[in-house]
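Here the structure comes first, spelled out in structure tokens, and everything after it is commentary.
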Amino acid sequence: MLFQWSGRDWLVHSPAKLNLYLEILDRRQDGYHELETCMVSVNLCDTLRFRSHPDRLTLQVIGGSGVPGDETNLVIQAAAALQKTTGFAGGATILLRKRVPAGAGLGGGSANAAAALLVLNRLWKLGLSHGELAGIAAGLGSDLNFFLESVPAAVCRGRGEQVQPVRLPRVCHFVIAWPHFQLSTGDVFARCQVSHRAITDFDARLANGQIRLHNRLQSAALRVRPELAHLATEFSAITSQHQMTGSGSAWFGLMPHRRAARRAARWLAGRQCVRDVRVAASSY
Ligand code: C5P
């Protein structure tokens, strides 16, 4: 997460994430799943601009193809949660330029909301501690806490809200493509199978420079939208190191270097099942 203060506005670049590893350990009483996942933030970013307003809270979304600017947007929910917690009565004018597609498992909405929590806490001079912000983030969604930590990579546990930063062995280069449809996180989790096997050796493998891709939600997503298999087939022609991110629908390939990622992106851009494609790198 990158923050810039212009003297009047806060400008924030909120990143997308990829799940390198995702395992489902248990189904919980509250309807959520206990998981263990390694998330990495990448330089595919949305941009948010925050300006103080005496009483009105507004969000304008540019380029989000259908992303709402109303109270269903997590950014507004994050701002409202801050107001409720502190009793703060002021407002803000927020402009969100979307580049990260919604419903793609890239965490764009969660990153936007985490940015709102961090920036509005400063802009409104609320003085909430990082722990207090983390508590609010966990109440808004499962991926917000990863973005709130602003770390390049982390293993996340619980519902996803327990974040333990990890160090990637190198800068990773990715090609990311998404199809013409979105996937609902709830629908995909509802069809997933629990494995009960924790990642015992993930950290050790990372320390040895190995990145092992795995996503337990992938087979569930393929049951929800069998057409997703076309995207998997296209990636298989490029690299054996590929998979879906989060609950989908975006797919990514881990590439040996930036040139290979660019070449793959050019090839994927011409495929019928691909709506859009980007190259991206992990922050290191
Ligand atoms: O927390 P978030 O809003 O991202 O989750 C959306 C939905 O995904 C939840 O309502 C739940 O059905 C499912 N989910 C889950 N286990 C998780 C995270 C999400 O079952 N760890």
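Start at 1 and go down the list; that is how both ligands and their atoms are numbered. Only a predicted model underlies this, so the values are computations on that prediction, with no experimental measurement involved. Atoms considered below: every heavy atom in the structure, side chains included; atoms not considered: hydrogens, waters and symmetry mates.
Listed for the Glu149 side chain is no donor-acceptor partner under 3.5 Å among the backbone atoms of Phe147. Not a single donor-acceptor pair under 3.5 Å links the side chain of Asn112 to the backbone N or O of Val75. Side-chain atoms of Asp143 never come within 3.5 Å of backbone atoms of Gly107 as a donor-acceptor pair (strictly under, hydrogens ignored). Arg225 places no side-chain N or O within donor-acceptor distance of the main-chain N or O of Ala221, the cut-off being under 3.5 Å. No donor-acceptor distance shorter than 3.5 angstrom exists from the side chain of Thr37 to the backbone of Cys156, with no hydrogens or angles considered.
Counting only heavy atoms of the protein, atom 16 (N) of ligand 1 lies nearest to His33 N, 2.8 Å. The protein non-hydrogen atom at the shortest distance from atom 9 (C) of ligand 1 is Tyr32 CE2, 3.7 Å. The closest protein non-hydrogen atom to atom 4 (O) of ligand 1 is Ser142 N, 3.7 Å. Ranking protein heavy atoms by distance to atom 14 (N) of ligand 1, first place goes to Phe189 CD1, 3.4 Å. Nearest to atom 12 (O) of ligand 1 among the protein's heavy atoms is Gly186 CA, 3.8 Å. Residue, atom and distance of the protein heavy atom nearest to atom 8 (O) of ligand 1 are Thr185 CG2, 3.3 Å.
Residue nearest to atom 3 (O) of ligand 1, selected from Gly141, Ala138, Ser110: Gly141 (by heavy-atom distance).
Taking a 6.0 Å sphere around CZ of Arg157, one finds it holds more than 12 heavy atoms contributed by other residues, nucleotides or ligands.
Taking a 4.0 Å cut-off on heavy atoms, Gly31 registers as neighbouring ligand 1. Residue contacts with ligand 1 include Leu35, since one or more of its heavy atoms lies under 4.0 Å from the ligand.
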Inset, instruction - Begin from the C-alpha positions of Arg99 and Asp46 and carry the test salt bridge (Lys or Arg N to Asp or Glu O under 4.0 Å) through to its verdict. - result: CA-CA 5 Å; Arg99 293 184 199 87; Asp46 292 329; 5.5 Å; no
